[in-house]
Amino acid sequence: MRTILFDFDGTVADTLPPIFTAFRSTFQRHLNQHFSDEQIVALFGPTETEMIKKQLPVHEHEAALIHFFDVYTNEHQQLLHATPEETIFVGDSDADTIAGRAAGLKTVGLEKRRVRPHESTSDAPFPSFY
């Protein structure tokens, strides 16, 4: 294994530029609109998937999500110089592990923060960070 990613939102790496690129590319392609970094930040709160679905008509959701995660994965590969096959993603929520899987990564997730307690969204759930 070459890389282990933790969902620490910018603590381990400056991940905002790849996120901005993925959103900007998706909105440009599917809405024909340019979003600034500030406009993208204003959408933050829900998951990336929910953010995209709120901006686009239903018939665009699937194609837009595929595009977003393709760009997002490519941007992170360039940032980290690692392929999905060489990477494990560690998250503390269902949204984290779902996003990790959508990016083609093996995922590890914190069990006690799952939305659906009896369904694991990660490849390897664990009970606690501490």
Sequence-distant partners of Thr26, side-chain hydrogen bond (donor to acceptor under 3.5 Å, both in side chains), two or more places apart: none
Pair Phe68-Phe23, ring-ring contact (aromatic ring centres under 6.0 Å, His included): steps then yes or no: CA-CA 6 Å; Phe68 174 83; Phe23 275 117; 4.7 Å; yes
Validation row: Val41, Phe20 side chains within 4.5 angstrom (heavy atoms): yes
Set of residues satisfying side-chain hydrogen bond (donor to acceptor under 3.5 Å, both in side chains) with respect to Thr73, sequence neighbours excluded: none
Least distance between heavy atoms, Ile88 atom then Val108 atom: CG2-CG2, 3.7 Å
Mutual orientation of the aromatic rings belonging to Tyr72 and Phe69 [parallel < 30°, tilted 30-60°, perpendicular > 60°]: perpendicular
Sequence neighbours excluded - salt bridge (charged side-chain N to carboxylate O under 4.0 Å, His left out) pairs with any residue from residues 68-79: none
Side chain to side chain contact (heavy atoms under 4.5 Å, CB included) assessment of Ile52 paired with Leu65: CA-CA 7 Å; Ile52 290 168; Leu65 289 169; 3.9 Å; yes
side-chain hydrogen bond (donor to acceptor under 3.5 Å, both in side chains) involving Gln33 - partner list, sequence neighbours excluded: none
For the student: nearest non-hydrogen atoms of Ala64 and Leu56, plus distance: CB-CD1, 3.2 Å
Test side chain to side chain contact (heavy atoms under 4.5 Å, CB included) applied to Ile98 and Thr49, step by step: CA-CA 10 Å; Ile98 290 167; Thr49 298; 5.6 Å; no
Pairs flagged by side chain to side chain donor-acceptor pair (under 3.5 Å) wherever residues 51-62 is involved - sequence neighbours left out: His30-Glu60
Contact list for residues 17-45, test salt bridge (charged side-chain N to carboxylate O under 4.0 Å, His left out), sequence neighbours left out: Arg24-Asp37
Val58 reachable from Leu31 in the ILVMFWY side-chain graph, under 4.5 Å edges: no
Leu43 CG to Met51 CE distance, which is reported to the nearest 0.5 Å: 4.5 Å
